[in-house]
Structures are given as structure tokens and as C-alpha cells.
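Worksheet: one structure, shown below.
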Amino acid sequence: MADSMVERGTALLRKLEINVAEAEKRTGKNTVNMQETYTVYLIEIRPAETEGGTPAAPDTLWRRYSEFELLRTYLLVTYPYIIIPPLPEKRAEFVWHKLSADNLDPDFVERRRVGLENFLLRVASHPVLSNDKIFFLFLTEEKGWRDAVLETGFQDKADSRLKSLSAMFRVKNPDKRFTALKQYSDELNSVISQLLRIRARVADRLYGVYKVHGNYGRVFSEWSAIEKEMGDGLQSAGHHMDTYAASIDDILEEEEHFADQLKEYLFYTDAVRSVCRKHELIQYELEMAAQDLAQKKQQKEELATGTMRIFSLKGMTSKLFGQESPEQKESRLAALEQSIQEGEETVKEKNTECQEFVRAAWDDIEHFKEQKDKDLREALISYAIMQISMCKKGIQVWSNAKECFSKM
Amino acid sequence: MSGHTVPADFSEHMLDLDEDEDLEVFTKNTSLPDGSPLPNSPSSMVNQYRLEDDDEGKEDANTKDIFVTVDHPESQVTAIETFILYRVVTRTTRSDFDSSEYEVRRRYQDFVWLRSKLEEKHPTLIVHPLPEKFVMKGMVERFNDDFIETRRRALHRFLNKISEHPILSYSQHFQVFLTAQDLAPHRKQGPGFLSRMGETVRAVANSVRGLRSRPEEFAVMQEYVDDFSNKMCCMDKVSQRIVKEQREYVDDLKQYSPTYARWGELEEELTEPLKGVASCVVQCSKEAEEHIQHLSEVLVPALHEYVLCAETLKAVMRRRDNIQAEFEAKNEALLTRKAEQEALQEEVDVLADRMEQANNSLKGDWVRWQHSMKTDLRSAFISAAEKNVEYYEKCLAVWESFLVSQRAEASGGQEDVA
């Protein structure tokens with residue numbers, strides 16, 4: 001998958017080769033001054049292959065998971081119309097019993113390393129995101145990066161983004177395309193989650209089946225000791241049973257990779273949902289602005305003609321306490337006129353914002369769809385290849401065992 | 001003593017047969033469905049008559065002159081009880097059988113009777129075990145179809161093992177079992193309950209006294225029997241566990257396909273590969289179920305049978321020990337008591353003969369049994385291994401055809417572009 005991303009050839013990837021090469025444990029004091037153990041990951045940057053030259057030594061820096069999270073939050077806020085690639089999971093989920101759910105477990109760390117590299121490559125191969133300065137600094141500036149990010153002031157925008165994700169508001173004229181996309185995203189999320197849960201259970205069961213065969217190995221070995229003619233056949237058959245039992249570890253390790261590919265798209269659905277929600281917010285704000293403008297225009301008309309179709313406190317009080325003076329009326333009209341002009345500006349802005357958002361978002365969504373179809377098809381094919389490999393191993397082991405039995 | 005195949009004193013049995021004038025020997029229609037006459041030469045019988053377990057008696061197929069099947073279990077309901085009757089069909093060329101074909105109905109208790117008679121007559125021969133009376137595990141109902149079928153197969157194997165035994169197959173009780181329409185009158189004969197009790201008491205008393213020493217070869221045999229029993233119990237447990245785990249695996253595996261199908265409905269470009277995967281999983285689950293079926297019908301029963309064989313072997317060893325103990329006790333009495341020397345000497349001689357015969361029977365049968373065990377278990381293991389290979393081969397084909405279809409899709413797409 002890394003190769004195909006590099007193929008997509010953004011300017012960044014033409015210049016640089018990016019790897020997350022290693023992981024290391026560190027201990028240090030955290031923000032509340034307590035000792036903690038955490039893992040850091042080594043990012044290696046090399047200039048892309050130059051013709052005929054020897055590959056240069058890489059520039060390297062260390063990053064921990066929380067810094068990746070910070071980068072991603074920055075990207076989410078800065079490019080709300082882009083489906084931001086997800087990070088590998090923070091904690092191991094959908095685990096089956098043998099796999100540890102411990103974040104410091106070496107297998108988990110290794111899979112996370114791969115996932116982080118994948119994340120960086122996804123960003124680096126994105127037509128829009130790859131040009132981001134902060135992303136570039138993340139790859140090149142170990143110390144000064146944090147300050148640079150905070151300086152962008154993205155935190156303020158972060159609040160409004162949070163609002164968009166959690167708010168409950170109703171859009172009057174929802175964009176059908178976005179509605180459909182959100183629904184698809186939710187359903188995809190549900191179906192992949194279910195698939196991952198089933199996979200964990202099936203992995204557990206299959207592990208059990210294979211490992212119990214290890215008992216055959218032990219018993220055959222013990223039994224062979226008391227037999228004269230059958231001894232050799234039993235002994236060697238026993239070895240094949242041990243081989244069979246041991247083979248499940250590699251098989252399930254490979255399958256873990258498939259699960260990771262599914263998980264990536266599971267997390268992608270959150271990013272898609274986020275874009276849809278952001279659009280809803282913008283749409284809502286536009287509608288609110290338009291509604292507000294319409295109200296003001298209405299008020300102006302009523303004020304000018306003296307009729308009161310819409311209830312307003314001012315109108316009510318003037319009805320109750322007598323008409324206002326012409327000067328008061330003039331000044332109110334002027335204020336309204338001002339307000340209307342501002343409102344029209346706002347509506348225009350919001351409209352533009354919305355249109356821009358929609359255009360940019362759909363560009364990215366089409367790009368995402370293509371990527372998803374290609375990646376998942378490849379994942380399914382590699383799953384089939386894995387199954388075939390597992391079957392071949394099984395055929396091998398049991399054919400060998402059969403030969404041993406025949407010699408008994 | 002002489003070790004020849006027919007029991008020394010069978011005159012009493014011949015008398016029985018002659019007396020049973022109302023013995024109806026029921027023979028089936030003596031021609032084949034297509035109208036041609038039933039063959040009755042041994043070699044043609046071998047070719048025409050298919051045994052259920054192909055491997056059984058293949059080695060002496062050319063010399064086999066008696067063929068027995070157990071089939072057609074039928075429920076019988078009486079006022080007092082409900083039980084299953086099995087049909088037992090015998091075809092034989094042996095001259096000591098009046099007819100060449102018999103069909104009778106027997107219930108489990110009848111098999112138990114036969115076996116106990118055989119053991120009584122031949123205490124140190126290894127008489128194949130019967131399937132268990134009850135199955136405790138899983139609380140299987142007595143009249144559950146699977147249970148009945150499993151039992152039927154085991155009863156079939158039992159009779160075949162007896163019919164293949166060079167000594168037991170000529171037992172009069174065996175013949176009566178196969179031929180008598182009504183077994184009840186025969187079951188009433190023989191040593192009664194009380195005399196059986198007496199034997200048991202003597203046996204217990206002797207074992208308490210203990211053996212002076214077991215001859216070397218029997219000591220070795222005993223050790224082997226104990227170890228073998230342990231191993232068989234383990235094998236039995238492991239096999240049953242594997243079947244259980246595989247069943248659970250298949251149950252969970254089946255949940256994949258509706259999920260993949262559901263996903264396929266969400267997608268456009270991906271619908272086809274997703275549905276393909278769903279279909280692959282369905283096919284693989286079917287293969288897995290077939291595999292499990294085979295395991296539970298072939299390997300598990302074979303191993304369980306030898307668990308029971310191990311118990312039989314232990315009982316045979318005990319009986320041999322008791323015969324030796326009885327001789328030793330009498331011998332000691334002969335040496336220590338001054339009176340009744342002549343009478344005692346006679347008794348000792350009888351017991352000595354008995355012991356020698358018992359030891360020789362066991363020695364001979366031991367070799368035969370070991371050979372038979374090896375054949376049976378080897379065949380069961382080979383069959384299990386073959387089935388495993390077959391299972392993986394079929395799954396491989398399923399996934400390969402999926403790959404082919406995907407690659408065809410991919411290259412098909414490229415052709416369009418070009």
C-alpha cells in the first residue's frame with residue numbers, strides 16, 4: 001500500500017522518502033510530574049532516490065503518539081472539508097484472547113509503528129494536505145514543532161469544530177449528497193465493527209482448534225514409546241501435529257494485518273462523518289444568516305409602512321405606549337438598514353463559504369472513494385491469498401502425517 | 001493345550017440345536033433384486049457383498065466364510081418398556097450352519113448376553129468390547145438418532161470382530177445368536193446367577209491372597225496395558241475436544257457471510273468482491289461441517305472403541321491372574337496338608353492345565369489383538385488425515401476461484417481502458 005501511495009506522486013513524495021523506522025521505550029516526567037513510560041517512534045526522512053547516487057543518510061527525529069494526535073487535530077481543524085487520514089488505534093480493540101491489549105506489548109507497538117507510517121504516507125500523498133507547512137515541520141523540526149503548531153491558533157477553531165460535532169441543530173434544506181454520504185459512513189462503520197468483532201471470535205476459535213492438535217503430538221510421542229511396530233510412525237506423525245499446532249501463530253499474525261486495514265477504514269468513517277457535520281454547520285449558519293436577514297427586511301418593511309406583521313417588542317411597546325416620533329423612527333430605520341446591509345454581507349460570505357466547502361469537500365470525497373475502493377479490494381484479495389496460504393500449509397502437514405500413519 | 005479352533009466339548013451344544021425343532025430358520029428371498037440367484041461361493045460373496053468398513057478383514061478376504069451385518073434399527077414398544085431391535089443378517093458357507101443365510105432381530109441386551117457367554121467360556125481371550133450402555137456426556141437421549149446410529153455401527157463392528165476371531169467365531173453361542181429366531185430360551189441356560197456369584201467371590205479372594213509372581217511376559221503385558229489405556233483415554237479426550245472446538249469455530253465462521261453480504265449492499269464498486277468473499281465463507285463452512293461429520297463418525301468412535309478395548313484387556317489380565325492364583329493356592333495346600341494328597345493332586349493337575357491353557361490362549365490372542373489394533377487405528381488415522389487434506393484442498397479451490405474472478409475483473413477493466 002505504501003508503494004501505491006508513493007506512486008500517486010505529490011510534490012512532497014517526489015522530494016522525500018518517509019519511514020517510521022523504529023520504536024523505543026522512554027521514561028520521563030509527565031505534565032503532572034509523575035513518572036511514566038511511553039513509546040517514541042523514529043521518523044526517518046531521506047531525499048527521494050537520486051539517479052546514480054548513493055542514498056543519503058536520513059534525517060531523523062523522535063515523536064510520540066500524542067504528537068501525532070496533535071498534528072491530526074491541527075489538520076482536522078485547518079482543513080474541515082478534507083477527510084483526514086486516521087491514526088492507528090490508541091488502545092487495542094477487537095482483540096482476541098491471545099493478543100495482548102497492553103499498549104506496551106511489543107506486537108502492539110510494532111503494529112502501531114506500521115500504522116503511524118501509513119498515516120504519514122497518506123498525508124504526504126494527499127494533494128492538499130501534503131503542502132501543509134506544519135506537516136512538513138512535523139517531519140523535520142523535532143523541538144520547535146510544538147510551538148509552531150500552537151502559534152497557528154488552531155485551538156480557537158478547534159472549539160468551533162467541537163461545537164459542530166456535538167451540536168444538535170436541524171438544517172432546513174439538507175444537501176442530499178451529504179446526507180447520503182453520512183448515512184453510508186454510519187452504515188460502513190457499523191458493518192466493519194461487526195466484521196471485526198466476528199473476526200476476533202473466529203480467530204479465538206481457530207486458535208483453539210490448532211492448539212488442541214498439539215496434544216496429539218504429545219500423546220503420540222508418549223504412545224510411541226510403548227509400541228514396537230507403530231512407534232516410528234507415531235513419533236513422526238506427532239511431530240507433524242506439533243508443526244500444525246504451531247502454524248496458527250503466523251496465520252493469525254498475518255490476519256491481524258488484514259484487520260488493521262479494516263480498522264483504518266473504520267476510523268476513516270469518523271473523519272467522513274466529521275466533514276458531513278461540518279458542512280451541516282456551515283449550511284445551518286447560512287440558513288440562520290438568511291433567516292435573520294429576511295426577518296430584518298420584514299421589520300424594515302413594517303416600520304416603513306406602519307404595519308406589524310411580525311411581533312417585535314419595539315412595535316408592541318409603541319402600540320401600547322404610543323407612536324414614536326418621526327426622528328426615532330428615522331434612526332431606527334437607519335439602524336435596521338445598516339443591519340440589513342451587514343446581514344447581506346454575512347449571507348454572501350456564508351454562501352461563498354458554503355459553496356467553497358462543498359466544492360472542495362466533494363473533490364476530496366471523490367478522491368477518497370476511489371482510494372477506498374482500491375484499498376479494500378486489495379485487502380480482500382490479500383485476505384484470499386492468506387486463506388490460500390493457510391490451506392496449503394494444512395495440506396502439507398496432513399499429507400505428511402498421512403504418510404507417517406501409512407508407515408505405522 | 002491343543003489350541004485348536006473348536007471348543008473341546010461341544011456335544012452339549014449340538015444337543016441343543018437338535019432339540020430346538022421349532023427353531024424357524026428364516027431366510028430371505030434367495031435371489032438378488034435383479035432376479036439372478038444369490039451366489040453362494042465364498043469368493044463370489046466377497047465380491048458381491050459390500051462390508052461397511054472396507055478395511056475389515058481385507059487381508060483374509062479370500063478365506064472369510066462368514067459375513068455379518070447389523071442394520072435397520074427399529075423401535076419396539078411394549079407395555080413395560082421401549083427398546084431398539086437391530087436386524088442381524090448372516091451369510092455363510094460354513095457347514096456347521098444349516099443354512100447359508102439368516103436374518104434375526106436382536107436387542108442390546110442380547111449382545112451383552114453373547115459377550116458374557118464368550119468371556120465365560122474363554123476367560124483369557126480378548127473379546128471385543130460392546131458400545132457402552134449409556135452415554136453420560138452430553139446427556140444424549142437413548143433414542144436419539146445419532147446415538148442409535150453410533151451404537152448400530154459399534155454393534156456391527158463387534159459382531160464382525162467376533163466373526164473374524166479364529167476361536168470365538170466358532171463359538172456355539174455365537175452361532176445361536178446369529179441364527180435363533182428367539183434367543184430367550186437359550187439365554188435361560190448356563191451357569192446361574194448364584195454360581196456366577198461364587199466365581200466372583202473366589203476371584204476376589206484369590207486376588208487378595210495375591211500372586212506369587214507374574215511370569216515375565218505377562219508382567220510386561222500388564223505394564224503395556226496400563227500405558228495403552230492411559231494413552232487411549234487421552235486420545236479419546238483430545239479427539240472429542242477437537243470436534244467440539246471445530247463445531248464452535250464453524251458456528252462463528254458462519255456469521256461472516258451475512259455481514260459481508262450486508263456490506264456488499266452498501267457499496268458499488270466493491271459489491272462484487274464482497275459478495276464473492278461472502279460466498280467463499282459459506283462454502284468453506286460447509287466443507288468444515290462435512291469434515292466434522294467425518295471425524296465424529298470415523299476417528300472418534302475408533303478411538304473410543306480402543307478405550308473400551310483397554311478395559312477389556314485389563315479384565316483379561318485380571319482373570320488370568322486369578323487362574324494362576326487359584327492354582328497357586330491349591331498347590332500350596334497340596335504342599336502343606338498331609339491328608340487328602342491324592343485328591344488334592346488331582347485338583348492341582350486340573351488347575352495347572354487350566355492355567356497353562358489360559359496362558360497360551362492369551363499369548364496367542366495377544367499377537368492377534370495387537371495386529372488388529374494396529375490395523376484399525378492406522379486406518380482411522382489415515383482416514384482422518386485424508387479428510388483433513390481433502391478439506392483444505394476444497395477450501396483452497398474456493399479461494400483460488402475467487403482470486404481468479406478478481407483478477408479477471410481487474411484485467412477486464414484494463415482491457416476496457418485500452
Side-chain angles (χ1 to χ4, degrees), chain A residues 184 187-188 190-192 194-195 198-199 201-202 204-206 208-209 211-213 215-216 218-220 222-223 225-230 233-234 237 244 369-370 372-374 376-377 380-381 383-388 390-406 408, chain B residues 223-224 227-228 230-232 234-235 237-239 241-242 245-246 248-253 255-256 259-260 262-263 266-270 273-274 276-277 280 284 370-371 373-374 377-379 381-382 384-389 391-400 402-403 406-407 409-410:
Chain A
Y184 165 78
E187 284 176 20
L188 185 64
S190 156
V191 95
I192 294 182
Q194 192 170 351
L195 213 53
I198 295 171
R199 190 208 77 90
R201 276 204 301 273
V202 172
D204 229 353
R205 298 290 186 210
L206 197 60
V209 169
K211 286 301 177 189
V212 177
H213 280 82
N215 288 326
Y216 271 153
R218 187 181 50 81
V219 179
F220 277 151
E222 290 169 8
W223 183 9
I226 63 171
E227 296 290 342
K228 287 185 218 95
E229 283 172 48
M230 289 165 64
L234 280 175
Y244 183 70
K369 277 185 179 167
E370 264 180 51
K372 165 193 68 93
D373 287 340
K374 181 160 182 285
L376 288 174
R377 180 186 279 265
L380 291 174
I381 287 174
Y383 181 75
I385 291 174
M386 257 196 295
Q387 297 300 308
I388 287 170
M390 178 172 106
C391 290
K392 284 188 174 157
K393 283 185 193 167
I395 291 169
Q396 178 81 343
V397 163
W398 285 102
S399 300
N400 290 340
K402 180 185 163 185
E403 243 188 78
C404 296
F405 291 135
S406 305
M408 246 160 66
Chain B
E223 224 183 285
Y224 173 87
D227 287 335
F228 180 79
N230 284 336
K231 297 312 146 212
M232 280 302 108
C234 269
M235 288 294 299
K237 277 200 199 106
V238 171
S239 304
R241 179 73 190 279
I242 286 175
E245 295 281 339
Q246 289 198 330
E248 289 174 351
Y249 164 69
V250 170
D251 285 341
D252 281 327
L253 189 68
Q255 296 185 22
Y256 265 141
T259 311
Y260 272 116
R262 191 179 134 213
W263 187 359
L266 278 184
E267 298 286 343
E268 289 158 8
E269 284 299 305
L270 287 177
L274 285 168
V277 170
C280 287
C284 288
Q370 284 211 301
H371 181 74
M373 179 269 287
K374 192 180 87 160
L377 290 181
R378 195 217 290 145
S379 149
F381 287 138
I382 289 175
E386 277 177 349
K387 198 64 188 171
N388 261 294
V389 170
Y391 162 70
Y392 280 116
E393 279 177 344
K394 287 193 179 150
C395 288
L396 181 75
V398 163
W399 288 107
E400 272 189 341
F402 169 77
L403 267 192
Q406 290 312 299
R407 285 184 177 147
E409 271 263 328

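Owing to the predicted nature of the structure, the values given are computational and were not obtained by experimental measurement. Throughout, a chain's letter reflects where its sequence line sits, starting with A, and its residues are numbered from 1.
- Using a 4.0 Å cut-off between a side-chain N of Lys or Arg and a carboxylate O of Asp or Glu, B/Glu245 and A/Arg205 do not qualify as a salt bridge.
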Should A/Glu227 and B/Tyr224 be marked as a side-chain hydrogen bond (donor to acceptor under 3.5 Å, both in side chains) after you check the CA-CA gap, both sets of side-chain angles, and the distance that decides it?
CA-CA 9 Å; A/Glu227 296 290 342; B/Tyr224 173 87; 2.3 Å; yes
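- Between B/Arg262 and A/Gln194, the shortest heavy-atom contact is NH1-OE1, 2.8 Å.
- For a residue to count as touching a neighbouring chain, one of its non-hydrogen atoms must lie under 4.5 Å from one of that chain's; by this rule B/Phe228 touches chain A with backbone and side chain alike.
- Considering only heavy-atom pairs separated by less than 4.5 Å from chain B, the leading option among A/Arg218, A/Glu222, A/Lys228, A/Lys369 is A/Glu222.
- At a 4.5 Å heavy-atom cutoff, the contact between B/Leu403 and chain A is made by side-chain atoms alone.
- Annotation for A/Ile198 and B/Gln255: closest pair CD1-O, 3.3 Å, computed over non-hydrogen atoms.
- Ring to ring, A/Trp398 and B/Tyr391 are not that close: their centroids are 6.0 angstrom or more apart.
- Here the OG atom belonging to B/Ser239 is positioned 8.5 Å from the NE2 atom belonging to A/His213, to the nearest 0.5 angstrom.
- Interatomic distance, B/Glu400 CD to A/Gln387 CD, rounded to the nearest 0.5 Å: 12.5 Å.
- For B/Val389, the parts lying near chain A are the backbone and the side chain together; criterion is any non-hydrogen pair under 4.5 Å.
- Electrostatic pairing of A/Glu229 and B/Arg378 does not count as a salt bridge here, judged by no charged N lying under 4.0 Å from a carboxylate O.
- Among the candidates A/Asn215, A/Ile395, A/Ile192, the residue making the largest number of heavy-atom pairs closer than 4.5 Å to chain B is A/Ile395.
- Within the 4.5 Å cutoff, side-chain heavy atoms of B/Met235 are placed close to those of A/Tyr216.
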Does the pair B/Trp263 and A/Glu187 meet the rule for a side-chain contact (heavy atoms from CB on, under 4.5 Å), with working shown?
CA-CA 8 Å; B/Trp263 187 359; A/Glu187 284 176 20; over 6 Å; no
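- Ranked by heavy-atom pairs under 4.5 Å with chain A, the first of B/Glu386, B/Glu248, B/Glu269 is B/Glu248.
- To the nearest 0.5 Å, the span separating CD1 on B/Ile382 from CD on A/Glu403 amounts to 11.0 Å.
- Within the model, atoms CZ of A/Arg199 and OG1 of B/Thr259 stand 14.0 Å from one another, a figure rounded to the nearest 0.5 Å.
- Counting heavy-atom pairs closer than 4.5 Å to chain B, the top-ranked of the candidates A/Ile385, A/Val397, A/Ile226, A/Val219 is A/Ile226.
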Run the ring pair (Phe, Tyr, Trp, His ring centres under 6.0 Å) check on A/Phe220 and B/Phe381 step by step: do they pass?
CA-CA 12 Å; A/Phe220 277 151; B/Phe381 287 138; 5.3 Å; yes
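- Counting only heavy atoms from C-beta outward, the side chains of B/Phe402 and A/Ile388 never approach each other to under 4.5 Å.
- Between B/Ile242 and A/Val212, the shortest heavy-atom distance links the atoms CG1-CG1, 3.5 Å.
- Comparing A/Leu206, A/Leu234, A/Leu195, A/Leu376 by how many heavy-atom pairs each has under 4.5 Å with chain B, the most go to A/Leu195.
- Interface summary for chain A: among B/Asn388, B/Val398, B/Leu396, the most heavy-atom pairs under 4.5 angstrom belong to B/Asn388.
- In this structure, the separation between OH on A/Tyr184 and CD on B/Glu268 is 8.5 Å, given to the nearest 0.5 Å.
- If you tally non-hydrogen atom pairs under 4.5 Å between each of A/Met390, A/Gln396, A/Lys402 and chain B, the highest count goes to A/Lys402.
- Here the CZ-OH distance, from A/Arg201 to B/Tyr249, works out to 13.5 Å after rounding to the nearest 0.5 Å.
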